[in-house]
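Here is the structure we will look at, set down as structure tokens.
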Amino acid sequence: MRPAPTILHLDMDAFYASAEQAAKPSLRGKAVVVGGLGPRGVVATASYEARVLGVHSAMPTAQARRLAPNAAYLVPRFSLYRSVSEQVMELLGRLSPLVEPLSLDEAFVDLEAGGVADDTVSARRTGERLRTAIREVTGLSGSVGLAGSKMLAKIASEQAKPDGLVLMEPGTERELLAPMSVRTLPGVGPATGDHLRRAGMTTVNDLAEAGEAELVRLVGKAHGHGLYRMALGLDDRPVVAERDAKSVSVEDTFDVDLHDRVRVRAEVERLAVRCVERLRSADRSGRTVVLKVRRYDFSTLTRSETLRGPTDDPTVVREAAARLLEAVDTTGGVRLLGVGVTGLADFTQEDLFAQAADARELAERSETPEEPVADEGGGPAEEEPARESAGQLAARRWPAGHDVRHTAHGHGWVQGSGVGRVTVRFEEPGGPVGRVVTFRIDDPELSPADPLPLVRDPVDYSSWPASLPKSRSGPVSAAGGESRP
């Protein structure tokens, strides 16, 4: 534990949904749900307006639609979220060399290591300036927690939501933690929380008073020891600048079980290519290819193949995933497929070029281009997508919420699609609410587009944190432990 609250935890507020609201003027102040939109889709993020209606992350989208039927349901735009995340992480990197990202929208920062804070006053000032900088650069809000440890800083940022700052003064941790629910502590999920409740422990103070021996008896030695230390507010973990990813993977859940073996293989190969794209964007390579298959009865199988060395070659990964699929029985139907790469490295081996060539040669020998492989219905495999309904084709080509450009109307986003039509709202970040126009899904003047920046003219923070522009929104109150504009 540190004697000063110089560990900062930043958590962007409803990140995906807030980014969508900032990008789409017509959605500001309205319920927005971002996630998978099919019958088996899951909510990734919900705006605070949707959360009031009971929608939350990890909830099935079908259930969310029952709770919030009038909300806007959008497919995630990860290219936008990554772009905004890079802007935020750059600001954090200017504060300290020790930044520990936990996800696109969350990170720890060691302010003391950056020389920008060494006591309560300087820590609070830095936290407020960071929130101002994030809003000026991205147009979004973030909540900040400050404390003498990572655990307490994260708890503080959760209390600060939305769009606030909470600072836990060193020496007050026990008093602040005591009345909180045991679920507040990291690692205490629904099962552990229920187990502790049955033992008569519902607050952090109950855990502290129970003692380490009793907690070890209830939840085991390793967990019990850690739980007792957390209940006392003790956490000595340092902020680690390099959190090395152990794997890169992608997966898709299908609205309808896949039965056609040719279609299943095509999906696996598509996922393999997407996986390699993520691998390359992280400047990494991997040695072990992993295939995940969840069948119609929810049974999940994983198969892996270790290559001769690390690779980021899409052909190598695609062919390895296809070979793994050959060992899996999919006759009953497949509801989910995933492809991943583990054993990550930051280099590739030269001899893998030969391995890629071998894979291509093997693929060429196994294919018969002049006679396409027939599917179960007797038709050529290439015709499989044509049997999708017009609504499925429209949704696949024009995902809800994604960017488009029309030669006459300019930039817009897909408001909905189906029955051979796509409805587009033409508006841009920072502009007025736009008009809605419906087109055929094959309109030659309509094309997919890249997301526009959320802030057209962001403030220059190249000298951050030495010289900081004053906030356009005016002063922020810092009374007590919490502040909000």
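- Between Thr192 and His223 there is a side-chain heavy-atom pair separated by less than 4.5 Å.
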side-chain hydrogen bond (donor to acceptor under 3.5 Å, both in side chains) between Ser143 and Ser157, intermediate numbers included: CA-CA 6 Å; Ser143 296; Ser157 71; over 6 Å; no
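- The two residues Pro465 and Leu95 come nearest to each other via the heavy atoms CB-CD2, 3.9 Å.
- The aromatic rings of His406 and His409 sit tilted, their planes meeting at an angle between 30° and 60°.
- Each of Arg51, Lys161, Arg131, Arg135 was compared with Asp13 under the salt bridge (Lys or Arg N to Asp or Glu O under 4.0 Å) criterion, and only Lys161 meets it.
- At distances below 3.5 Å, not a single donor-acceptor pair connects side-chain atoms of Trp413 with backbone N or O atoms of Phe426.
- Scanning all heavy atoms of the two residues, the minimum distance from Ser47 to Lys30 falls at OG-O, 3.5 Å.
- Residue pairs meeting the ring-ring contact (aromatic ring centres under 6.0 Å, His included) criterion with at least one partner in residues 101-149, sequence neighbours excluded, are His9-Phe108.
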Candidate pair Val55 and Val43, rule side chain to side chain contact (heavy atoms under 4.5 Å, CB included), full reasoning: CA-CA 8 Å; Val55 181; Val43 174; 4.3 Å; yes
Stepwise side-chain hydrogen bond (donor to acceptor under 3.5 Å, both in side chains) test for Thr203 and Asn205: CA-CA 5 Å; Thr203 67; Asn205 186 61; 5.0 Å; no
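- Under 4.0 Å is where a charged nitrogen must lie from a carboxylate oxygen, and between Arg435 and Glu427 no such pair does.
- Within the 4.5 Å cutoff, the side chain of Val33 has no heavy atoms near those of the Leu74 side chain.
- Listed by first and then second residue, the salt bridge (Lys or Arg N to Asp or Glu O under 4.0 Å) pairs involving residues 57-86 are Glu20-Arg77, Arg77-Asp403 (not counting sequence neighbours).
- Shown here is Asp450, whose CG atom has no more than 12 heavy atoms of other residues, nucleotides or ligands within 6.0 Å.
- In terms of heavy-atom proximity, Leu53 sits nearest to Ala68 at CD1-CB, 3.7 Å.
- Taking 4.5 Å as the limit, some side-chain heavy atom of Leu307 sits within range of a side-chain heavy atom of Val316.
- Checked options Arg274, Arg294, Lys292; the residue passing with Glu251 is Lys292 (criterion: side chain to side chain donor-acceptor pair (under 3.5 Å)).
- Taking the side chain as every heavy atom from C-beta outward, His411 and Val424 never approach each other to under 4.5 Å.
- Using a 4.5 Å cut-off on side-chain heavy atoms (C-beta onward), Ser83 and Pro451 make no contact.
- Between Ser285 and Thr311, the side chains place no donor N or O within less than 3.5 Å of an acceptor N or O (distance only, hydrogens not considered).
- Under the 3.5 Å distance criterion, with hydrogens and angles disregarded, a donor-acceptor pair is assigned to the side chains of Thr306 and Thr288.
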Evaluation steps, side chain to side chain contact (heavy atoms under 4.5 Å, CB included), between Leu92 and Leu130: CA-CA 8 Å; Leu92 298 183; Leu130 173 63; 3.6 Å; yes
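- You'll find the side chain of Val339 stays beyond 4.5 Å of the side chain of Val290, heavy atoms only.
- Closest approach of Thr172 to Met168, counting heavy atoms only: OG1-C, 4.4 Å.
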Audit row: Glu169, Thr120, side-chain hydrogen bond (donor to acceptor under 3.5 Å, both in side chains) steps and yes/no: CA-CA 7 Å; Glu169 289 277 7; Thr120 298; 3.0 Å; yes
side-chain hydrogen bond (donor to acceptor under 3.5 Å, both in side chains) evaluation trace for Gln415 with Arg425: CA-CA 6 Å; Gln415 190 162 286; Arg425 185 180 289 274; 2.9 Å; yes
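- Between Ile134 and Leu10 there is a side-chain heavy-atom pair separated by less than 4.5 Å.
- Counting all heavy atoms, side chain and backbone alike, Arg229 lies closest to Asp235 at NH2-N, 4.3 Å.
- Between Arg270 and Asp252, at least one side-chain nitrogen of the basic residue sits less than 4.0 Å from a carboxylate oxygen of the acidic one, meeting the salt-bridge criterion.
- A 4.5 Å side-chain heavy-atom check between Arg421 and Arg440 finds at least one atom pair inside the cut-off.
- When all heavy atoms of Ala117 and Thr126 are compared, the closest pair comes out as CB-OG1, 4.3 Å.
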